[in-house]
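Below you'll find the structure, written out as structure tokens, and then a few comments.
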Protein chains: 2
Amino acid sequence: MKSDTVYKRTYNQMLDLIQDHAVGAPLPSETVLASEMGASRTTIRKVLNELCGAALLRFEDRSRIVLSHDCRDLYHPTVETVSASDRLEKLFMEWMLRGDAKPGTAINEAEMARRFDISTTGIREFLNRFSRFGLVERRPGSGWVFKGFSENFASELFEIREMFELRSAIAFCRQPRDAPCWNKLRQIEQEHHALLADIETRFHDFSDLDDRFHRLVIHGAPNRFIEDFYDIITFVFHYHYQWNKKSEKQRNRTAIVEHLRYIEALLSGDEAAVDAACRAHLKSARLTLFQSMINETPAGGMQGNGASVATPN
Amino acid sequence: MKSDTVYKRTYNQMLDLIQDHAVGAPLPSETVLASEMGASRTTIRKVLNELCGAALLRFEDRSRIVLSHDCRDLYHPTVETVSASDRLEKLFMEWMLRGDAKPGTAINEAEMARRFDISTTGIREFLNRFSRFGLVERRPGSGWVFKGFSENFASELFEIREMFELRSAIAFCRQPRDAPCWNKLRQIEQEHHALLADIETRFHDFSDLDDRFHRLVIHGAPNRFIEDFYDIITFVFHYHYQWNKKSEKQRNRTAIVEHLRYIEALLSGDEAAVDAACRAHLKSARLTLFQSMINETPAGGMQGNGASVATPN
DNA sequence: CAAATGTCTATTATCCATAAAAAACAAGTA
DNA sequence: TACTTGTTTTTTATGGATAATAGACATTTG
């Protein structure tokens with residue numbers, strides 16, 4: 001049976017929204033709510049009905065009126081808000097980054113299903129989707145092999161990344177000067193300056209900006225395989241640095257500065273400069289990742305990390 | 001319920017084997033049969049028991065004796081021999097190559113399940129696995145978009161292929177002269193000569209050789225993402241040329257000659273020559289693919305031709 | 001009639017069941 | 001001891017069921 005995570009998430013969002021409205025004020029229409037909350041009208045209506053029942057809203061004159069703000073303890077727990085597949089992804093990555101699985105380990109669906117308490121069908125779907133990340137591989141006969149989040153992995157990843165990004169950066173430069181990308185680039189440059197100015201407090205915002213910047217560059221000469229590959233990068237960084245928060249601020253500051261040089265080079269159109277700036281940035285990103293893999297592997301209960309994380313196979 | 005395609009395939013193989021043995025001769029042991037036929041002992045035993053029942057074999061003194069060769073009409077139909085997922089893959093590719101689906105078409109699982117008469121679970125698994133080929137893409141909300149086997153696709157594919165192969169070819173050259181790859185390369189070179197000499201009759205054997213050659217080159221400096229990507233190449237060529245048999249012999253002859261130059265360059269260790277030979281080959285491969293897409297693609301109205309004619313086995 | 005809500009239908013996420021196939025274990029024989 | 005076959009347990013492929021969600025169509029109302 002499908003889980004009702006969408007409902008619960010929407011419900012929580014609705015509670016937020018209610019508290020943003022004065023008592024007595026009407027909520028937007030169902031259609032508007034649906035598009036704002038990223039759910040279907042069906043779900044919105046279910047939530048609204050529920051909240052009418054809870055006497056937080058009144059349905060009057062074709063609109064929902066806020067009756068009260070008293071809903072602190074109505075929130076659904078956040079866990080119940082994420083879909084089974086997202087939950088599995090997270091559990092799996094934690095399991096992996098924690099170093100529980102040594103590279104080369106065979107994993108089978110049934111066992112995983114037990115370990116993560118998710119149906120075998122769910123596991124299988126996950127593994128199929130996940131295999132593109134190069135961390136697990138389907139064995140010809142049956143079962144899966146776990147490849148390990150190792151230095152090898154990171155190094156293969158970066159090799160491709162460098163090829164792709166260098167190619168894309170040069171292609172980006174060659175776009176006509178009136179293409180919309182240039183404005184977008186300038187805008188992103190501004191955002192970098194803004195973030196740098198505020199780095200003390202906003203350093204967490206970097207990863208989003210980072211992503212947008214690189215994707216803009218890459219998109220200059222679109223290639224589905226390159227864009228797909230960038231999903232892997234995003235994914236890996238997302239999880240890795242969620243487990244490795246050490247010196248995050250410093251790391252991000254450095255990256256911003258590098259980005260700014262890189263952007264400047266792009267804007268200048270000087271291909272040699274672009275190449276140099278791009279290489280410099282990637283080299284530094286690679287180094288940072290490697291160092292954080294070796295030295296800073298997650299603190300929280302990391303038994304045996306050295307063996308599995310740092311060991312190439 | 002799992003289908004018994006493995007059983008039926010093994011059964012057919014066993015019939016072949018029986019006919020290879022004189023009446024009165026004993027078959028190999030279960031274990032040997034299992035490993036030779038690529039099935040588990042469980043399946044082998046099931047087949048053997050069945051054939052004992054059919055009086056084709058007698059179990060005597062710990063071994064199976066061939067009783068008769070009279071089994072022409074015992075064979076299971078070939079269709080029942082391929083697993084649901086393989087069948088789906090084939091159906092889907094036919095549907096796609098036939099041009100029934102225009103790029104940009106949204107496809108949904110339920111509809112596909114109906115069209116191909118396979119459970120939604122099966123469809124979903126297929127699409128998940130298949131999405132790495134870049135021909136369908138999951139839509140954030142729901143459903144899938146069909147990207148089309150278009151020139152765009154081919155051109156994006158080749159862009160990456162060129163990057164990867166050039167890099168790998170150079171890396172291959174730089175391997176120590178006593179690495180085992182050099183012998184393998186010489187062996188493959190021999191196979192090319194042999195095939196060229198026999199091209200009139202054996203031209204079908206080229207695609208296998210082609211695959212092994214490129215994979216050898218690529219494996220010189222292993223990178224899981226590059227090797228994964230080569231799966232896509234293999235897949236695309238497999239299906240595309242199954243639908244486009246025109247001038248296959250000539251096409252393969254040309255490729256062999258190009259390969260031989262390429263191999264010679266590799267053996268010489270002259271990186272500039274390698275680069276040139278590799279580029280020349282890829283350029284020609286790309287051209288051939290494009291021409292066959294433009295001129296010979298079984299266009300819209302060709303249903304009937306493709307489905308059965310172009311499909312061997 | 002345009003936008004809102006109400007109602008019905010289609011699609012998806014998710015788990016479960018089951019026979020086939022694989023793997024593990026046990027025992028016999030040469 | 002090294003194979004063989006016999007038996008039991010585990011895992012996988014594949015279809016099916018169902019509630020949640022999305023989407024389409026119908027109806028109301030200002």
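In this text, all values refer to a predicted model and were calculated from it rather than measured experimentally. Reminder, nothing fancy here: chain letters follow the sequence lines and each chain counts from 1.
- Atom CZ of Phe59(A) is separated from atom C1' of dT28(D) by 11 Å (rounded to the nearest Å).
- Look at CZ on Arg62(A): it is 5 Å from C1' on dT5(C), rounded to the nearest Å.
- Rounded to whole Å, the distance from CG on Asp4(A) to C1' on dA19(D) is 9 Å.
- Counting any heavy atom pair closer than 4.0 Å across all strands shown, Phe126(A) reaches no nucleic acid atom.
- Scanning residues 5-15 of chain B for heavy-atom distances under 4.0 Å to DNA chain D yields an empty list.
- Applying the side-chain contact (heavy atoms from CB on, under 4.5 Å) criterion to Asn108(A), with sequence neighbours excluded, gives Ala110(A), Glu111(A).
- Here the P atom of nucleotide dG6(C) and the CD1 atom of Ile44(A) are 14 Å apart, to the nearest Å.
- Atom P of nucleotide dT12(D) and atom CD of Glu125(A) are separated by 17 Å, given to the nearest angstrom.
- In this structure, Lys46(A) is positioned above the aromatic face of Tyr7(A), its NZ or CZ under 6.0 Å from the six-membered ring centre and within 45° of the axis.
- At the heavy-atom level, Ser85(B) lies under 4.0 Å from the strands shown only through sugar-phosphate atoms.
- Counting to the nearest Å, the P atom of dT21(D) and the CD atom of Glu50(A) are 13 Å from each other.
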Are any protein N/O atoms closer than 3.5 Å to N/O atoms in nucleotides 7-11 of chain C? If there are, list each pair with its distance.
{"from": "dT11(C)", "atom 1": "OP2", "to": "Arg114(B)", "atom 2": "NH2", "distance (Å)": "2.6"}

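- Every salt bridge (Lys or Arg N to Asp or Glu O under 4.0 Å) that Glu125(B) has, sequence neighbours left out, goes to Arg124(A), Arg138(A), Arg129(B).
- The phosphate of dT14(C) (OP1 or OP2) has no side-chain N or O of Thr121(A) nearer than 4.0 angstrom.
- Atom CG of Asp117(A) is separated from atom P of dT14(C) by 14 Å (rounded to the nearest Å).
- Using a 4.0 Å heavy-atom criterion, one finds that Arg64(A) contacts the sugar-phosphate atoms exclusively.
- Taking the six-membered ring where tryptophan is involved, the planes of Phe149(B) and His240(B) are essentially parallel, since the angle between them stays under 30° and well short of 60°.
- Every residue two or more places apart in sequence or in another chain that forms a salt bridge (Lys or Arg N to Asp or Glu O under 4.0 Å) with Arg212(B) is listed here: Glu191(B), Asp208(B).
- A heavy-atom distance below 4.0 Å to DNA chain C is reached by these residues of residues 21-40 of chain B, ordered by number: Ala39(B), Ser40(B).
- A search for ring-ring contact (aromatic ring centres under 6.0 Å, His included) contacts involving Tyr239(B) returns Phe235(B), not counting sequence neighbours.
- Under the side-chain contact (heavy atoms from CB on, under 4.5 Å) criterion, Asp231(B) pairs with Arg132(B), Arg215(B), Asp228(B), sequence neighbours left out.
- Per the geometry, CD1 belonging to Ile123(B) stands 14 Å off C1' belonging to dT12(C), to the nearest Å.
- By the salt bridge (Lys or Arg N to Asp or Glu O under 4.0 Å) test, Asp16(A) is found to be paired with no residue, residues two or more places apart in sequence or in another chain being considered.
- For Lys46(B), whose side chain is taken as the heavy atoms from C-beta onward, the closest listed nucleotide among dA20(D), dT14(C), dA21(C) is dA21(C).
- Listed candidates were dT21(D), dT14(C), dG15(D). Nearest to the side chain of Ser119(B) is dG15(D).
- Glu156(B) is linked by a salt bridge (Lys or Arg N to Asp or Glu O under 4.0 Å) to Arg224(A), counting only residues two or more places apart in sequence or in another chain.
- Contacts of Leu67(B) classified as side-chain contact (heavy atoms from CB on, under 4.5 Å), with partners at least two apart in sequence or in another chain: Arg58(B).
- Using bins of under 30°, 30° to 60° and over 60° for the plane-to-plane angle, the ring pair Phe126(B)/Phe130(B) lands in the parallel bin.
- Between dA22(C) and Thr43(B), a contact under 4.0 Å exists linking OP1 or OP2 to a side-chain N or O.
- Partners of Thr121(A) under the side-chain contact (heavy atoms from CB on, under 4.5 Å) rule, at least two apart in sequence or in another chain, are Ser119(A), Thr121(B).
- Counting any heavy atom pair closer than 4.0 Å across all strands shown, Thr120(A) reaches no nucleic acid atom.
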